[in-house]
There are 2 protein chains.
Amino acid sequence: MTKGKRRGRPIRPRPDNAPNLEDVARRAGTSIITVSRALRQPDKVRPETRARITAAVEALGYIPNLAASSLVSRRSGIIAVVVPTLGNSIFTDTLHGLSDGVTAAGRQLLVGDTGYSEAAEHALITALAGRRPDGIAIVGIVRNLRSRTLLSGLGVPVVETWDMTDDPIDHVVGFSNEAAGRAMARYLIDRGRRRLVFVGGNDLRSRAREAGYRAVLQEAGLATAAAFFTDQSPSSFGEGRRLMHRISTLEPRPDAVFFSTDVLAVGGIIECRQLGIDVPREIAIAGLGDLEIGRALVPALTTVQIPSYQMGRRAAEILSQRLAGADLAEKIVDFGVNIVARDSA
Amino acid sequence: MTKGKRRGRPIRPRPDNAPNLEDVARRAGTSIITVSRALRQPDKVRPETRARITAAVEALGYIPNLAASSLVSRRSGIIAVVVPTLGNSIFTDTLHGLSDGVTAAGRQLLVGDTGYSEAAEHALITALAGRRPDGIAIVGIVRNLRSRTLLSGLGVPVVETWDMTDDPIDHVVGFSNEAAGRAMARYLIDRGRRRLVFVGGNDLRSRAREAGYRAVLQEAGLATAAAFFTDQSPSSFGEGRRLMHRISTLEPRPDAVFFSTDVLAVGGIIECRQLGIDVPREIAIAGLGDLEIGRALVPALTTVQIPSYQMGRRAAEILSQRLAGADLAEKIVDFGVNIVARDSA
DNA sequence: TCTCGCTATGATAACGTTATCATGACTGGC
DNA sequence: GCCAGTCATGATAACGTTATCATAGCGAGA
């Protein structure tokens, strides 16, 4: 008796102790496929059979292997999320909205951050694509052409957020950062301010706000008194204080400062208070983001409201609808820009 | 000629346009397995073959299907993360640390939140387990016995964080919330405070801080002037102000308030300032978390430092080491409790 | 020259599930 | 009592990859 040519994977006990469908089926005295059905479409299985299967599942602690499931069904139940950084609560608020919206449909979030780097973004998208996600949500607009091509070639719904564009990869849910800058400039000018400063970060969204702000000033025949930029990302309250300190020494002294984020603006208010500068009488201070701290602060912060959570929530809903087969005509959802007038400006 | 019995899945062109190993192999004029090898162990393949394969991969935009990979290799490259809520930046800081630590090893984060519910936690863990993660990180200690059994039965490394226990499921990286409460009580008493208030949330961690705080007061022969609880989760600055307002009306007026989170404490300081209460002369105020705002505030907030990011980072390192085959003897990493004395207490 | 070992590549089976088609039992209408 | 339709279950193949073993070719050492 020859052993013959033994090729391929050898047969041996599974090293994994996790039970599979076969184990459940054996215990329930039925076939693999019936177990699968009992779990996915319970009404297709006779109650008694179902009961035996449920009991076997319980007894064995069976948990379906979703890797096998997604391989054959071509549905992974995964939504991939790309965030610039997990270190900034305004982005994790969007993540929170996504999580809430996605969990309802029984899907899960695969999350990665890019650190604002285009190269890292492309690498991350590639890595996430390997999981064959059912949908993709991105905080920000994807600029890199290769990344855009990659994303649209994946054949799954994609939602960009936190910004606005005429030409989304698929869907966009956000607001125009440029419009936010414009709106705040108009607001401050309307309130009689004339020597306006801009403070922001170096990221694209902040730059867009600055552009809108400057444009309105120019239209009004005013010059931007100065613009300050921080390389910190995410920005900090302390940095807001430092920048405000520098601004307070300008001659002539500005009468309004628009901080591109509430975090910086709160720092600005704290510093003014420390320096004995009356806000808003001497200097108006405004921010962007509508963080809760701005509401509690004295004086309460005037700001541009950004529906971080809602954007995530809405993005999740759009993905869910698309995955349910809907063919949404509305590709662009613009939350618009809403200034919350409080005490600081 | 009979058609015969056609059973099983019909043969038809893949509906999925994503190229697979076979497509790449055909284009590169080699076999599937050699392509697989070229991608995973490039040095095992002759440079010329590798070049042809690389070119084919590029041309086709091939991205390996990780579902198939994890199915057969029994390595998913996924780290599952369980968070009470994504709405609280102190937890997302831990998530950030996890992300940074995990990305280095080429793994990805599958994230879910429980909303502080044990039932939701169990459901989440079950759902995540379906992906066969290589490791699991949890913010918090898992109390539910079924969940603990489930987790330890998975056969993968588990790290609990943000708390301390003698009996972790596998590893714990955190600090003792009770010790934090104790330390702050001692600190305040040492500074001559005698009428001490506690303010916190209704979650387990906050309750542990309260227990430690009360214990020290009792040992010192002092009574807790009062304890206040909020049901908000995450707590808010505004809630801190409201609670402080109520505290300010107590008779006799307390001389120290320990807020169980910095967010509440910052609200407390704002409210005191508004009420004309001198902090820390009349009332000392302390928090927990060491948020950046506490440093920028005036008076700067005395607080218990919590290394949120570092806990995540460390948890990721432990998981990586375990997955690299290390058998770590140190199951318990206690970051300890460190009070940052600033101006407010 | 022969053998040993190494390098490069390949053939096959297996991972755990679901899609598709098949089939036997049963039901209702005539 | 017959037939079409429904219900419950099953058999098989396929998803795309990797683990394992096999093998041809080649150079080195005996």
Side-chain angles (χ1 to χ4, degrees), chain A residues 3-26 28-53 60 62-77 130-132, chain B residues 3-26 28-53 60 62-77 130-132:
Chain A
K3 190 155 141 266
K5 294 191 180 178
R6 277 285 311 110
R7 298 247 202 108
R9 203 182 182 117
I11 298 150
R12 53 171 178 170
R14 278 178 296 126
D16 197 327
N17 40 6
N20 58 15
L21 276 183
E22 192 183 341
D23 299 324
V24 177
R26 188 170 24 240
T30 178
S31 71
I32 287 180
I33 189 63
T34 301
V35 176
S36 174
R37 237 185 316 247
L39 296 173
R40 289 178 302 129
Q41 313 166 40
D43 53 317
K44 295 270 188 185
V45 173
R46 199 156 45 99
E48 302 139 51
T49 313
R50 204 193 311 152
R52 270 182 298 134
I53 290 172
L60 295 172
Y62 169 73
I63 298 176
N65 185 326
L66 298 180
S69 169
S70 57
L71 182 58
V72 59
S73 71
R74 294 169 180 284
R75 267 174 277 109
S76 63
R131 305 279 171 196
R132 303 294 187 263
Chain B
K3 192 156 141 267
K5 296 190 182 178
R6 278 284 311 109
R7 298 246 202 110
R9 201 182 184 117
I11 296 149
R12 54 170 179 172
R14 278 177 297 125
D16 198 328
N17 41 5
N20 59 16
L21 275 182
E22 193 184 341
D23 299 325
V24 177
R26 189 171 22 241
T30 177
S31 70
I32 288 180
I33 188 64
T34 300
V35 176
S36 174
R37 238 184 316 247
L39 295 174
R40 289 178 302 127
Q41 312 166 40
D43 53 317
K44 294 272 187 184
V45 174
R46 198 156 46 98
E48 304 139 49
T49 313
R50 204 193 311 152
R52 269 183 298 133
I53 290 172
L60 296 172
Y62 170 73
I63 297 176
N65 185 326
L66 298 180
S69 169
S70 57
L71 182 58
V72 59
S73 71
R74 292 166 182 289
R75 268 174 275 110
S76 63
R131 306 279 170 197
R132 303 295 189 263

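Every chain is numbered from 1, with letters handed out A, B, ... down the list of sequences.
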inquiry  = With rounding to the nearest 0.5 angstrom, report the CD1 to CZ distance, A:I53 to A:R37.
reply    = 9.5 Å
key: Length of the line joining B:Y62:OH and D:dG16:P, which is rounded to integer Å   = 10 Å
query = Looking at side-chain heavy atoms only, is the closest gap between A:R132 and B:I63 below 4.5 Å?
reply = yes
message = Please determine whether a side-chain nitrogen or oxygen atom of B:N65 lies at a distance below 4.0 Å from atom OP1 or OP2 of D:dG16.
response = no
request  = Ignoring backbone atoms, establish whether B:R75 has a side-chain N or O less than 4.0 Å from OP1 or OP2 of C:dC15.
outcome  = no
key: Short side-chain N/O contact to D:dC15 OP1/OP2 from A:R74, under 4.0 Å   = no
key: Reported CG-to-OG1 distance for the pair B:L21 and B:T30, which is rounded to 0.5 angstrom   = 11.0 Å
request  = Could you tell me whether the side chain of B:D43 reaches within less than 4.5 Å of the side chain of B:Q41, counting heavy atoms only?
outcome  = yes
key: Student check: side-chain heavy atoms of B:S76 and B:R131 closer than 4.5 Å   = no
ask   = Tell me: CZ of A:R131 to C1' of D:dT17, nearest whole Å?
value = 13 Å
query = So do B:N20 and B:N65 actually touch side chain to side chain, heavy atoms under 4.5 Å?
reply = no
query = CD1 of B:I32 versus C1' of C:dA14: gap in Å, rounded?
reply = 14 Å
key: Phosphate OP1/OP2 of C:dT17 contacted by A:S36 side-chain N/O (<4.0 Å)   = no
message = Without decimals, in angstroms, what is the distance between B:E22 CD and D:dT18 P?
response = 15 Å
Any protein N or O atoms within reach of nucleotides 5-9 of chain D? Criterion: under 3.5 Å, listing atom names and distances.
| unit_1 | atom_1 | unit_2 | atom_2 | d |
| --- | --- | --- | --- | --- |
| D:dT9 | OP1 | A:R46 | NE | 3.3 |
| D:dT9 | OP1 | A:R46 | NH2 | 3.2 |
| D:dT9 | OP1 | A:T49 | OG1 | 2.4 |
| D:dT9 | OP2 | A:R46 | N | 3.0 |

key: Rounded interatomic separation in angstrom, taking CG from A:L21 and P from D:dC15   = 19 Å
ask   = Will you find, in the side chains of A:S70 and A:R74, an N or O donor that is under 3.5 Å from an N or O acceptor?
value = no
key: Spacing of B:E48 atom CD relative to C:dA8 atom P, expressed in whole Å   = 10 Å
ask   = Do NZ/NE/NH1/NH2 and the carboxylate oxygens of B:R26 and B:E22 come within less than 4.0 Å?
value = yes
inquiry  = If I compare all heavy atoms of B:T34 with all of B:V45, which pair ends up nearest, and what's the gap?
reply    = O-CG2, 4.1 Å
ask   = Separation of B:Q41 atom CD from D:dT17 atom P, in whole Å?
value = 16 Å
key: Nearest-Å distance for atom pair CG/C1', residues A:L71 and D:dT18   = 12 Å
key: Divergence of helical axes at both termini of the helix from C:dT1-D:dA30 to C:dC30-D:dG1 - five pairs an end, 10° steps   = 40°
